[in-house]
Each structure stands twice: as C-alpha cells, then as structure tokens.
Amino acid sequence: MKVKKITADSMQEAMKKVRSEFGDDAVILNSKAVYTGGFLGLFKKKKIEVTAGMDDLTDSPAPLPAMNYIEETEENYKADLNEIKEILSRFQPQTQPAFHHFPPVIQEELIRYKELDFDDHWLLELGQFVFGKWKENGKDEDVHSHSLAFFNQKMKGLVHKGINTDRKFINVVGPTGVGKTTTIAKMAAKLVVEQKKKIAFITTDTYRIGAIEQLKTYAQLLNVPIEVVYNRSDFEQAVLKFEQFDHIFIDTAGRNYREKHYVEDLKNVLNFSVNMQSFLVLSMTAKRKDMQAVVEQFKDVDISHFIFTKQDESTSPGAVIQIMTQNQKGAAFITTGQAVPEDIKEASAEHFLNLLEESGKQ
C-alpha cells in the first residue's frame with residue numbers, strides 16, 4: 001500500500017488532493033487538525049492533515065533474485081512488511097469503523113461528522129444510511145442532505161420543552177462551571193419581564209466563593225427575594241416562606257457530579273417530592289463521555305429536560321445530539337453568551353440541525 005500525508009486548509013481541499021494523488025480508490029487512514037506558523041505560540045493557522053493510501057495493484061512484480069540473494073531479500077521483505085504493519089497499527093484505533101469501505105464522497109462526509117464529535121458507531125450507521133440513498137440517486141450533491149435526514153430521524157420523538165407553568169419549583173442542577181446561576185437569571189428575567197410572574201430565588205450553592213453574591217445581584221436587579229439554605233430544614237422553611245409565589249428558582253451547588261456522593265448530598269438538602277421541575281445543565285464544550293457520566297449519576301432524579309450552555313464556545317454539536325438520543329431526553333434551552341436575558345433560546349430539533357449545518361461550514 002502506498003501511504004502519504006496530505007495537508008490542506010480545509011477537508012474539502014484535502015479530499016481534492018487525495019483524489020488527484022490516488023484517484024477514487026483512495027483509502028482514508030486518518031485525519032486530524034494541525035497548526036502551523038505563528039509567533040511565540042500565538043496566531044497559529046489551523047490546517048487539516050489527511051493520511052491516505054492506495055493498494056498498489058498495478059505495478060508489475062519484480063524479477064526473481066538470484067539464489068544467493070534470496071535470504072537477504074526475504075529479510076528485507078519482512079522488515080518492510082513489519083514497517084507497514086506498524087504504520088497501519090497507529091491508525092487502526094482512530095479509523096474504526098472502516099470508512100474506506102464507502103466511496104470517497106461518503107468518506108469525506110463521515111470524516112466531517114467525526115470532527116463534530118460523533119462516535120464511530122453512529123458514523124458507521126450514518127455511512128450505511130447515506131450509501132443506500134447515494135446508490136439510489138447517484139448524485140454527490142445529495143450526500144449532505146441525506147446526512148441531515150439521518151440525524152433528523154435519530155432525533156425524532158425527542159420532546160423539547162421549556163418551563164412547565166404547572167410546576168412551582170424550577171430546580172437547576174449540573175457540574176461546576178456550566179453557568180447554572182446565569183442560566184437561572186435568564187429564565188427568571190423572561191418570566192418577570194415578559195409574563196409578569198412573581199418569582200423568588202433559593203440557593204444551596206454555599207461552596208463556591210461569590211456564588212451567593214452573584215445570585216443576590218440578579219435578585220436585586222429583578223427585585224425578587226432570595227433565601228440561602230444549608231440543609232433540609234432551611235429548604236422547608238423557604239418553601240413555606242415563598243408559598244404565594246408563582247415560581248421559585250433553585251440554584252444548586254456546582255460539584256463534580258460524576259461522583260455519586262455529591263448527588264446524594266443534594267438529595268439530602270432538597271425535597272424533590274414537591275411540585276418541582278428539574279433541569280440538568282451541561283456545557284457544550286464538555287466531552288461526550290463526561291456528559292454521559294453526569295447523566296448516569298442523576299438517573300434517580302426526575303430530570304425533565306437538558307439545558308445546554310456555551311454554544312458560542314463550541315463548534316461540535318455531535319456530543320449533545322448523542323446525549324439527547326442516547327437518553328431519550330430533549331432540551332429546554334440553549335444559551336449562547338453571558339448577556340441576561342438575551343442569550344438564551346428555546347431548544348428545537350430545527351435548532352440542532354442548523355448547528356450541524358453551520359458547524360460543517362467552519
């Protein structure tokens with residue numbers, strides 16, 4: 001097999017070079033982003049490096065060597081073969097499933113979605129789906145539309161819905177650093193300003209420096225009351241105090257919720273049996289495995305929907321789409337910045353499909 005690394009400014013340009021070098025029988029072994037140039041580590045330019053190869057079936061076999069060179073030739077052949085195996089073994093973990101079974105135009109599409117953080121099982125299923133449609137139509141330009149149809153089918157049945165007006169307590173949980181407090185302020189501001197609802201705040205976040213002060217600042221701006229609770233008794237008292245309010249937003253402590261005991265601590269403070277709707281907040285900048293680990297820990301909590309934050313800091317929507325479909329749970333909101341209350345949107349299937357479309361153009 002002939003193997004060559006090709007570097008280009010974009011995946012599209014790289015694939016053109018691969019076709020020019022090897023033709024339509026090329027095999028994509030690996031692709032990754034590389035950074036070149038720059039000064040003192042800054043202003044580096046992103047490029048795409050593709051390792052491609054092609055089975056060398058056209059070259060005529062070399063003439064047989066003289067008998068006294070056979071042993072040396074065999075040793076050289078073994079050394080060359082081992083070197084090729086070593087090269088291919090480096091790529092093997094990164095190239096599952098075997099995308100090279102598909103035509104180059106579909107390989108290109110699968111690599112594009114791999115960069116958006118979809119796992120290989122999804123990509124293999126996507127490739128089979130698109131290949132079936134591609135054979136029916138035989139048009140390269142239809143490949144991307146078939147991909148979007150696949151993802152739309154995957155998300156079919158997911159319910160995307162915001163705050164349930166029948167629920168009095170709006171509980172927001174999630175790991176540290178995902179932006180729970182700011183998200184609460186955005187949701188609360190819309191209810192106060194747009195719907196004239198009477199709301200209050202409860203915070204259990206007594207661990208993070210400045211967390212209480214941050215929520216107090218939002219409470220002052222919205223002219224709403226706030227209670228700090230440290231235990232179940234404090235929570236029950238706050239429930240009684242805010243009995244006449246329309247909605248009470250609960251800001252919980254951001255902890256490492258991949259560890260079960262932090263979830264248990266939360267359940268010891270809050271009474272989840274009250275008229276409560278709980279949202280699990282996850283950052284779109286997080287890794288898919290880390291997100292799923294947090295979701296697993298909240299299996300015993302009645303999580304209504306996800307809220308995904310920091311869309312403006314992420315270019316890989318694959319993780320959140322897989323998290324929703326894997327857990328058969330839709331999203332309520334997506335936040336797109338720090339501005340309160342502007343940078344929050346209601347989630348929808350169309351929004352996630354648009355993210356896929358936009359991310360693929362970057």
Side-chain angles (χ1 to χ4, degrees), residues 1 6 8-33 48-55 91-158 160 284 288 292 314-328 330-331 348-362:
M1 173 180 281
I6 293 174
D9 291 332
S10 66
M11 180 57 66
Q12 290 78 8
E13 183 181 342
M15 292 303 294
K16 288 180 181 178
K17 290 184 177 180
V18 168
R19 290 195 185 99
S20 175
E21 184 76 23
F22 294 114
D24 289 338
D25 294 326
V27 174
I28 305 301
L29 299 174
N30 186 38
S31 68
K32 64 179 180 180
I48 301 297
E49 181 184 275
V50 172
T51 303
M54 184 180 68
D55 291 327
F91 300 130
Q92 190 67 19
Q94 303 177 35
T95 58
Q96 296 297 324
F99 299 158
H100 60 269
H101 290 165
F102 299 108
V105 66
I106 297 179
Q107 291 184 42
E108 182 178 352
E109 185 78 348
L110 297 178
I111 291 170
R112 188 172 82 89
Y113 282 109
K114 188 175 181 65
E115 292 175 353
L116 299 183
D117 202 19
F118 286 99
D119 68 28
D120 286 347
H121 296 292
W122 268 53
L123 294 174
L124 179 57
E125 190 176 347
L126 170 63
Q128 292 169 340
F129 178 88
V130 173
F131 183 59
K133 298 294 184 180
W134 186 77
K135 285 196 301 182
E136 292 177 12
N137 296 277
K139 297 179 180 179
D140 291 359
E141 61 267 26
D142 288 335
V143 168
H144 188 53
S145 63
H146 295 325
S147 296
L148 294 179
F150 169 82
F151 291 115
N152 188 41
Q153 187 179 91
K154 277 286 190 179
M155 291 188 287
K156 190 175 182 179
L158 294 178
H160 305 288
M284 291 183 67
R288 182 177 60 250
Q292 185 58 34
S314 171
T315 58
S316 301
V320 298
I321 292 175
Q322 286 197 237
I323 288 294
M324 289 189 296
T325 55
Q326 181 175 342
N327 296 281
Q328 281 301 290
S348 66
E350 291 76 16
H351 182 84
F352 291 109
L353 288 174
N354 288 337
L355 283 181
L356 284 177
E357 183 73 24
E358 293 169 3
S359 299
K361 295 176 181 177
Q362 295 179 0

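Across all non-hydrogen atoms, the minimal contact from Phe352 to Ala331 is CZ-CB, 4.0 Å. Residue Phe131 comes nearest to Ile106 through the heavy atom pair CA-CD1, 3.5 Å, listed as atom of the first residue, atom of the second, then distance. Closest heavy-atom contact between Asn152 and Leu353: OD1-CD1, 3.7 Å. Counting all heavy atoms, side chain and backbone alike, Arg288 lies closest to Ala319 at CB-CB, 3.9 Å. The two residues Pro317 and Leu356 have their closest heavy-atom pair at CG-CD2, 3.8 Å. Shortest non-hydrogen contact noted between Leu126 and Phe151 is CD2-CZ, 3.9 Å.
Looking only at side-chain heavy atoms (C-beta outward), Leu158 and Gln328 come within less than 4.5 Å of each other. The shortest side-chain heavy-atom distance between Leu110 and Lys114 does not fall under the 4.5 Å cut-off. Put simply, the side chain of Asp117 does not reach to within 4.5 Å of the side chain of Gln322, judged on heavy atoms. A 4.5 Å side-chain heavy-atom check between Val130 and Phe102 finds every atom pair outside the cut-off. Side chains of Ile321 and Trp122 form a contact here, defined as non-hydrogen atoms less than 4.5 Å apart. Within the 4.5 Å cutoff, the side chain of Met284 has heavy atoms near those of the Leu355 side chain. The side-chain heavy atoms of His121 and Glu125, taken from C-beta on, include no pair separated by under 4.5 Å.
Checked for salt-bridge contact, Glu108 and Arg112 miss the test: no charged N lies under 4.0 Å from a carboxylate O.
Distance CD1/Ile111 to CD/Gln107: 6.0 Å, rounded to 0.5 Å. To the nearest 0.5 Å, atom NZ of residue Lys17 and atom OG of residue Ser20 are 9.5 Å apart. Remark: Lys16 NZ to Ile6 CD1 distance equals 14.0 Å, nearest 0.5 Å. A distance of 6.5 Å separates CE in Met155 from NE2 in His160, rounded to the nearest 0.5 Å.
Listed by chain and residue number, Phe150 satisfy the ring pair (Phe, Tyr, Trp, His ring centres under 6.0 Å) test with Phe129 (two or more places apart in sequence, or in another chain).
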